[in-house]
Amino acid sequence: MTDHQFGPFGISTGLDSSEQSIEAARAAEALGYPAIWLSGGPLPGLQTIVDLVGATTSIKFVSGILAVVRYSAADVSTTYAALEASAPGRFTVGLGGAHGPKPLATLNAYLDEIDVPVERRVLAALGPRMLELARDRSAGAYPFLISAAYAAEARKVLGPDKLLSVSHLVVLESDADRARAIARDTIGFFPRIPGYAASLERQGFSAKDQAELPDHMVDALAAWGTPTDIKAKLTEHLDAGVDHVAVNVITGVTGPQPVEQWRALAPTLLA
């Protein structure tokens with residue numbers, strides 16, 4: 001699916017296929033990154049994926065993730081087939097977002113309907129039952145907001161032969177207070193979502209931790225510092241059995257894709 005251990009996360013599938021998005025994808029490709037894990041977004045996200053693949057020549061794209069409650073299996077299947085015909089091997093379907101009272105049943109039913117080969121789809125998975133589903137019905141799992149210690153547990157559930165790719169927050173900032181403040185602004189949203197709150201609890205972060213976001217929790221969930229510091233932190237995931245880390249750069253401001261940060265990280269991450 002990818003041929004290197006690190007690749008950027010970014011470019012919303014919900015954006016129009018603007019020149020800015022295309023330029024970001026082309027920049028990542030020129031820097032030598034093997035894949036971009038696309039962030040989610042509202043419709044018409046599938047057309048954005050088609051446009052981004054068409055505007056580049058070799059970099060691979062993985063939707064991370066397409067919410068199954070918003071994108072029909074038929075539309076995703078059609079998009080996959082078209083891209084496989086025009087750009088073979090360059091699009092892998094990442095699926096998730098089965099929120100509701102029966103997420104496993106919802107995702108199982110969707111997988112029954114979708115016409116994408118098992119080896120070309122991955123599932124967003126946090127808990128053990130969803131990891132088992134990813135193991136049994138896809139190429140592997142793509143969890144977000146997990147520590148390296150929990151990644152090791154995920155690997156045990158998936159077994160040795162399935163893909164494990166994680167999305168990890170990255171702050172290219174060496175001042176500890178500022179870096180952690182930027183990370184807290186992002187991390188603090190997720191304990192409000194039941195699935196993430198349960199995942200964080202499984203990882204040993206108490207309700208008090210989730211409310212206060214102490215340093216040890218932030219440092220487990222976000223890599224910060226120099227490019228060398230960041231690579232050392234992300235390598236903890238690789239040592240835990242992760243195959244690929246989607247580098248989710250956050251800057252504390254809303255704006256264009258963090259191409260300058262991707263550029264600053266590339267010589268170290270891709271060495």
Is the shortest side-chain heavy-atom distance between [X] and [Y] below 4.5 Å?
X: L200; Y: M217; result: yes
X: R202; Y: L126; result: yes
X: I49; Y: D51; result: no
X: V76; Y: V68; result: no
X: R90; Y: T56; result: yes
X: W262; Y: V249; result: yes
X: Q203; Y: I146; result: yes
X: I36; Y: V62; result: no

### Task
For the pair E153 and K156, evaluate salt bridge (charged side-chain N to carboxylate O under 4.0 Å, His left out) and give the outcome as yes or no after the intermediate values.
CA-CA 5 Å; E153 296 304 310; K156 290 178 185 177; 3.3 Å; yes
Rounded distance (nearest 0.5 Å) linking atom [atom1] of [X] with atom [atom2] of [Y]:
X: L269; Y: Q5; atom1: CG; atom2: CD; answer: 10.0 Å
X: H237; Y: L164; atom1: NE2; atom2: CG; answer: 9.0 Å
X: L221; Y: F190; atom1: CG; atom2: CZ; answer: 10.5 Å
X: F6; Y: L270; atom1: CZ; atom2: CG; answer: 9.0 Å
X: Y196; Y: I187; atom1: OH; atom2: CD1; answer: 12.5 Å
X: Y80; Y: R120; atom1: OH; atom2: CZ; answer: 3.5 Å

Within the distance-only criterion (no hydrogens, no angle test), does the side chain of [X] pair as donor or acceptor with the backbone N or O of [Y] below 3.5 angstrom?
X: K162; Y: A139; answer: no
X: R137; Y: E132; answer: no
X: S199; Y: G195; answer: no
X: S138; Y: V122; answer: no
X: N108; Y: A105; answer: no
X: R135; Y: V157; answer: yes

### Task
Would you sort out whether V166 and L145 count as a side chain to side chain contact (heavy atoms under 4.5 Å, CB included), showing the intermediate values?
CA-CA 8 Å; V166 303; L145 211 64; over 6 Å; no
#### Entry: Residue pair L169, W224: steps toward the side chain to side chain contact (heavy atoms under 4.5 Å, CB included) verdict
CA-CA 8 Å; L169 297 174; W224 55 269; over 6 Å; no
### Query
Any link between F189 and I182 through a network of hydrophobic side chains (Ile, Leu, Val, Met, Phe, Trp, Tyr) touching at under 4.5 Å?
yes
### Single-linkage hydrophobic cluster M130~V118, side-chain heavy atoms < 4.5 angstrom
no
Do [X] and [Y] pair up side chain to side chain, a donor and an acceptor below 3.5 Å, judged on atom types alone?
X: T78; Y: D75; result: no
X: S21; Y: Q257; result: no
X: S206; Y: Q210; result: no
X: T226; Y: D229; result: yes
X: W37; Y: N248; result: no

### Message
For D185 and R180: C-alpha separation, side-chain torsions, deciding distance, then whether salt bridge (charged side-chain N to carboxylate O under 4.0 Å, His left out) applies.
### Response
CA-CA 9 Å; D185 282 344; R180 288 174 175 142; over 6 Å; no
### Query
What are the two closest non-hydrogen atoms of A124 and I65, and how far apart are they?
CB-CG2, 3.7 Å
### Task
Heavy atoms only: give me the nearest F205-A220 pair and the separation to one decimal.
CZ-CB, 3.9 Å
### Message
Taking side-chain contact (heavy atoms from CB on, under 4.5 Å) as the definition, give me every residue that meets it alongside D175, ordered by chain and number, with sequence neighbours left out.
### Response
E173, D177, R178
### Task
Could you check V259 against R263 for side chain to side chain contact (heavy atoms under 4.5 Å, CB included), going step by step and ending with a plain yes or no?
CA-CA 6 Å; V259 173; R263 182 171 289 111; 3.9 Å; yes
### Query
What do you reckon, is CG of D136 surrounded by more than 12 foreign heavy atoms closer than 6.0 Å?
yes
### Message
Set out, in order, the CA-CA distance, both residues' side-chain angles and the distance that settles salt bridge (charged side-chain N to carboxylate O under 4.0 Å, His left out) for R26 and E23, then state yes or no.
### Response
CA-CA 5 Å; R26 286 174 172 164; E23 287 177 0; over 6 Å; no
### Message
Exactly one of L234, V245, I250, T251 should register a side chain to side chain contact (heavy atoms under 4.5 Å, CB included) with V170. Which one does?
### Response
L234
